[in-house]
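Okay, so here's the structure we're looking at.
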Amino acid sequence: MLVHNKGNYVRNQNGIRLVPGVNNISEEDWEEFISHPLNQKLVDEGELVPQQKIVERVEGATVTRELKTAGLVDMTAADAVALIKDTHSRDLLASLREEEAAGQNRKTVITAIDKQLADIEKSFEEARNKKDEADQDEE
């Protein structure tokens with residue numbers, strides 16, 4: 001499931017690690033993570049935001065509501081693009097692109113993913129160039 005860490009800190013508990021930005025963790029790990037009261041407080045305060053949707057089931061006169069994991073296809077394009085802009089993992093972006101292409105296949109969302117991937121690659125390239133320059137200066 002996607003969990004958006006809107007804070008500036010890496011959050012760790014029992015081997016579960018949430019870096020700033022969007023993270024992909026299992027539902028079981030998420031349940032364990034929020035079982036700690038301090039982590040639940042971060043959710044309540046909106047610093048950690050699990051991507052979930054409410055699903056209603058009607059059986060006769062009874063309506064039950066459940067929280068289910070939400071993916072990009074469950075979001076508006078604007079919400080999906082905002083989430084993508086705070087996703088820093090190339091692997092996660094690649095899987096989100098596959099999900100979107102197989103689902104709603106919205107051009108704005110795919111373009112945002114491609115742009116984010118290009119921006120990340122550009123950052124890595126700039127870092128490599130700086131390192132190469134520093135290495136040459138040392139010689």
Side-chain angles (χ1 to χ4, degrees):
M1 79 181 292
L2 299 177
V3 178
H4 192 176
N5 178 356
K6 293 184 175 186
N8 296 321
Y9 303 102
V10 174
R11 302 295 180 178
N12 288 294
Q13 179 186 327
N14 297 334
I16 303 164
R17 182 173 167 246
L18 298 177
V19 298
V22 180
N23 298 265
N24 190 20
I25 65 172
S26 72
E27 290 185 41
E28 295 80 22
D29 282 348
W30 176 245
E31 290 303 319
E32 183 175 336
F33 190 83
I34 63 168
S35 67
H36 192 285
L38 293 176
N39 293 334
Q40 182 60 55
K41 184 175 185 219
L42 293 172
V43 172
D44 295 342
E45 292 174 349
E47 184 171 323
L48 298 178
V49 182
Q51 301 304 304
Q52 297 176 313
K53 62 182 176 179
I54 297 173
V55 176
E56 289 186 351
R57 224 180 309 163
V58 180
E59 294 178 20
T62 305
V63 177
T64 56
R65 290 180 177 87
E66 291 182 66
L67 277 177
K68 295 285 187 179
T69 299
L72 288 187
V73 297
D74 301 304
M75 299 176 196
T76 65
D79 289 343
V81 168
L83 196 72
I84 289 161
K85 287 181 180 178
D86 203 20
T87 303
H88 309 291
S89 164
R90 292 183 285 190
D91 291 340
L92 179 53
L93 286 164
S95 69
L96 292 175
R97 192 180 197 292
E98 287 176 19
E99 176 188 336
E100 181 63 28
Q104 292 192 32
N105 201 25
R106 296 167 289 190
K107 184 177 179 180
T108 55
V109 175
I110 290 178
T111 299
I113 293 169
D114 290 344
K115 182 183 181 321
Q116 185 70 356
L117 283 165
D119 289 348
I120 290 170
E121 189 56 41
K122 181 180 175 185
S123 294
F124 278 118
E125 186 64 32
E126 288 172 356
R128 280 190 291 270
N129 290 341
K130 284 182 183 177
K131 183 183 180 310
D132 290 345
E133 288 173 11
D135 289 347
Q136 288 176 356
D137 289 345
E138 288 179 8
E139 293 176 3

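Quick caveat, the model's predicted, so the values are computed rather than measured. Only heavy atoms go into these numbers, but all of them, side chains included; no hydrogens, no water, no symmetry mates.
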side-chain contact (heavy atoms from CB on, under 4.5 Å) assessment of Met1 paired with Asp29: CA-CA 9 Å; Met1 79 181 292; Asp29 282 348; over 6 Å; no
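- Between Asn8 and Pro20, every side-chain heavy-atom pair lies at or beyond the 4.5 Å cut-off.
- A chain of hydrophobic side-chain contacts below 4.5 Å, direct or via other Ile, Leu, Val, Met, Phe, Trp or Tyr residues, connects Val109 to Val22.
- Leu96 is not listed as a side-chain neighbour of Leu83, based on a closest heavy-atom distance of 4.5 Å or more.
- Under a hydrophobic clustering in which Ile, Leu, Val, Met, Phe, Trp and Tyr are joined whenever their side-chain heavy atoms come within less than 4.5 Å, directly or via other members, Ile113 and Phe124 fall into the same cluster.
- The pair Lys41-Glu45 meets the salt-bridge criterion, since a charged nitrogen lies less than 4.0 angstrom from a carboxylate oxygen.
- With Leu18 as the fixed residue, the side chain to side chain contact (heavy atoms under 4.5 Å, CB included) test singles out one of Val3, Asn39, Asn12: Val3.
- The backbone N or O of Leu72 lies less than 3.5 Å from a partner atom in the side chain of Glu99, making a donor-acceptor pair.
- A donor-acceptor pair under 3.5 Å links the side-chain atoms of Asn23 to the main chain of Gly21, judged by distance alone.
- Considering all non-hydrogen atoms of both residues, Thr108 and Ala77 come closest at OG1-CB, 3.7 Å.
- Connectivity analysis of hydrophobic side chains (ILVMFWY, heavy atoms under 4.5 Å, direct or indirect) links Val10 to Val19.
- For the atom pair Asn24 CG and Asp91 CG, the distance stands at 10.5 Å (nearest 0.5 Å).
- Note on Glu47 versus Lys6: no salt bridge recorded, every NZ/NE/NH1/NH2 to OD/OE distance being 4.0 Å or above.
- For the pair Gln13 and Ser35, the minimum side-chain heavy-atom distance is below 4.5 Å.
- In this structure, OG on Ser123 lies 10.0 Å from NE2 on His88, to the nearest 0.5 angstrom.
- Contact annotation: the side chain of Glu100 approaches that of Arg106 to within less than 4.5 Å [non-hydrogen atoms, C-beta and beyond].
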Side chain to side chain donor-acceptor pair (under 3.5 Å) evaluation trace for Glu133 with Asn129: CA-CA 6 Å; Glu133 288 173 11; Asn129 290 341; over 6 Å; no
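- Nearest heavy atom pair, residue Gly103 against residue Val73, reads CA-CG1, 3.8 Å.
- Taking the side chain as every heavy atom from C-beta outward, Ile34 and Leu48 never approach each other to under 4.5 Å.
- Two different hydrophobic clusters hold Val49 and Val43 under the rule that ILVMFWY side chains link at heavy-atom gaps under 4.5 Å.
- Among Glu27, Lys53, Gln52, the one residue that satisfies the side-chain hydrogen bond (donor to acceptor under 3.5 Å, both in side chains) test with Thr69 is Glu27.
- Taking the charged nitrogens against the carboxylate oxygens, Glu121 and Arg128 do have a contact shorter than 4.0 Å, which makes a salt bridge.
- Gln116 approaches Thr87 most closely through the heavy-atom pair NE2-O, 2.8 Å.
- Checked for salt-bridge contact, Lys68 and Asp74 miss the test: no charged N lies under 4.0 Å from a carboxylate O.
- Under the 4.5 Å side-chain heavy-atom criterion for grouping Ile, Leu, Val, Met, Phe, Trp and Tyr, Phe33 is not connected to Leu92 through any hydrophobic cluster.
- Looking at Asp114 and Arg97, their side chains come closer than 4.5 Å, going by heavy atoms from C-beta outward.
- Listed by chain and residue number, Asp135 satisfy the salt bridge (Lys or Arg N to Asp or Glu O under 4.0 Å) test with Lys131 (two or more places apart in sequence, or in another chain).
- In this structure, the side chains of Asp86 and His4 come closer than 4.5 Å at one or more pairs of heavy atoms.
- Ile25 is connected to Leu42 through a chain of hydrophobic side-chain contacts under 4.5 Å among Ile, Leu, Val, Met, Phe, Trp and Tyr, so both are in one cluster.
- Within the 4.5 Å cutoff, side-chain heavy atoms of Asn14 are placed close to those of Glu32.
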